[in-house]
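Take a look at the structure below.
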Amino acid sequence: MKSFPCVLLLAVALSAVPQEQKPMSPQVTVIRAGTLIDGNSAKPRHDQVIVIRGNRIESVSDAASATTPPGATVIDLSQQTVLPGLIDSHTHIFLQGEDPAKGGYDANILDAPLALRAARATVAVRRALEQGFTTLRDVETEGAGYGDVGIKQAINGGYIPGPRLFVSTRAISTTGGYMLEGYAPELEMPKGAQIVDGPVEARKAAREQLDHGADWIKVYMTHRSWVGKNGELVSQPTLTVEELRAIVDETHGWGKKVACHAYSGIGLHRALDGGCDSIEHGLDLDDAAIAQMLKQGTWYVPTLSVYYTDWGPADTPDGKRDRLRASVHEISFKKAMKAGLKIVFGTDMGGIPWTEPIAQEFLRMVDFGMQPMDAIQSATSRAAAMLDKEGELGVVGPGALADIIAVGGDPLKDIKVLGNVQFVMKDGQVFRGK
Ligand SMILES: [Zn+2]
């Protein structure tokens, strides 16, 4: 008797199978690449043929030996350099710059209705895709709740164009650890992040965010920063190691990772002791922090460019701090390169207005001594590895998703050409060019 319902279900299921299935054969596209930087290899290859079936890359081969499948659409990029779709691993699609003249950070939350913020995020993701960024790890909505989950659904549902999104929803900080702040204490102000105090609240916030669709959890491990007595950068720590451990433990249990905003000092060291998977910004990495990151395999997403915008006047405390942040950051970046940390491309777009070019970060990295190929891999295969999408994203190779871009000129000779993307394909669909 017990097995009867199962047998019945099986019979129903079998009868539902059509007698003859004629699957639609997926569209085949062939790209002729003049030069291919595949995201993984140390050197470019010339005259390559990329065969794409549906949304996946089937093969990559020398033009001399390649055959074009019958009925394939051919895209001629023989005068261009072809690369994998780029990945920006630190963005805020719900932020629109923090220009003090436009009300700074607070205006994003106080003045903009949620629908306006969603409309602007829709434009932001479109702009990212236009610039060849086919994947974003968006590290919190800055008071727009779970809006990033909605934008991701809109992209995946085909309602709006945009990159693949890895979202982290609300982010987590502590009392005294996030904006809005500086208002009368009697006022209950909205906060740009979910505020927790104690390991129980911390774990609960992580559970809530994961439950509502967070792909990553974002934690603020430092908040305010200022110039210390000895001219050093001091950062206010936020979560304790115990609070962070509860979040990391919970998030890892869900098979997901934790990105930690950390500038320097106590908060940075708590971030590492608590097991953060990536350090965001890491303005002042001391030798102990670098050694611990190497040992733990921590990713480093420096986001250099954003610390060169909106400086206070030179003779003010804020202005001095802003300049110090940039100068110690440069030193940390160079030390991280020398030590062989896993550096991943991230911009903090949103902190930078979305009207500005995303590729400016490449210039800054190369300017600080990074080899152009290394900078490209930080935004392709290395970022994909951080996202646990090795071989699927950030590479032009068999089996990878067909996220492909092209630029004129040679980015290995002049990294600036990455700022002028001429062709964008995401998921086998041409979004821009040809
Ligand atoms: Zn950020």
Side-chain angles (χ1 to χ4, degrees), residues 87-99 104-109 117 120-121 124-125 127-128 133 135-145 147-148 151 163 165-173 177-181 191-194 209 214-225 235-236 238-239 257-264 267-268 271 276-285 298-310 322 325-326 329 332-333 343-354 356 358 360-361 364-365 378-379 383 386-387:
I87 302 170
D88 187 342
S89 292
H90 190 123
T91 64
H92 301 279
I93 59 172
F94 277 89
L95 263 189
Q96 298 294 319
E98 299 181 27
D99 182 356
Y105 177 87
D106 295 15
N108 284 286
I109 292 179
R117 298 194 71 185
R120 295 195 304 204
V125 291
R127 279 196 54 77
F133 285 82
T135 300
L136 303 180
R137 186 184 61 156
D138 199 68
V139 281
E140 87 134 318
T141 61
E142 311 287 357
D148 51 356
I151 296 290
L165 292 187
F166 291 80
V167 299
S168 48
T169 73
R170 299 178 63 190
I172 298 170
S173 193
Y178 214 71
M179 293 83 69
L180 304 177
E181 59 200 7
K191 296 290 179 183
Q194 188 167 2
Q209 295 181 10
D215 300 306
W216 275 71
I217 293 295
K218 167 80 178 291
V219 181
Y220 285 88
M221 290 304 296
T222 61
H223 181 43
R224 296 169 175 87
S225 61
S235 310
Q236 167 216 345
T238 52
L239 283 82
K257 291 181 179 171
V258 180
C260 290
H261 166 116
Y263 276 7
S264 66
L268 171 65
C276 288
D277 297 291
S278 73
I279 294 293
E280 309 299 308
H281 318 303
L283 298 188
D284 194 3
L285 298 179
T298 314
W299 305 91
Y300 177 38
V301 188
T303 73
L304 301 167
S305 306
V306 73
Y307 293 98
Y308 290 82
T309 58
D310 300 332
D322 294 343
R325 291 204 298 207
H329 205 189
S332 295
F333 182 78
I343 300 176
V344 174
F345 180 100
T347 55
D348 224 345
M349 290 305 291
I352 300 169
W354 281 98
E356 287 193 27
I358 304 175
Q360 62 182 295
E361 183 75 9
R364 196 78 65 177
M365 292 168 113
S378 81
M386 182 178 78
L387 297 169

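Order of listing sets the numbers, starting from 1, for every ligand and every atom in it. Note: hydrogens, waters and symmetry copies are ignored here, and every other heavy atom, side chains too, is used. Residue numbers count from 1 along this sequence.
- Among the atoms of H92, an N, O or S atom falls under 2.8 Å of the Zn ion (ligand 1).
- Because the distance cut-off is set at 2.8 Å, H281 fails to qualify as a neighbour of the Zn ion (ligand 1), as none of its N, O or S atoms comes that close.
- Using cut-offs of 30° and 60° for the angle between ring planes, the Y178 and Y220 rings count as tilted.
- D148 and T141 share no side-chain donor-acceptor pair at under 3.5 Å.
- For the residue pair T238 and Q236, no side-chain donor N or O sits within less than 3.5 Å of a side-chain acceptor on the partner.
- For H90, the N/O/S atom at the shortest distance from the Zn ion (ligand 1) is named NE2.
- Because the distance cut-off is set at 2.8 Å, D348 qualifies as a neighbour of the Zn ion (ligand 1) through one of its N, O or S atoms.
- H223 and E181 share a donor-acceptor pair across their side chains, judged by distance under 3.5 Å alone.
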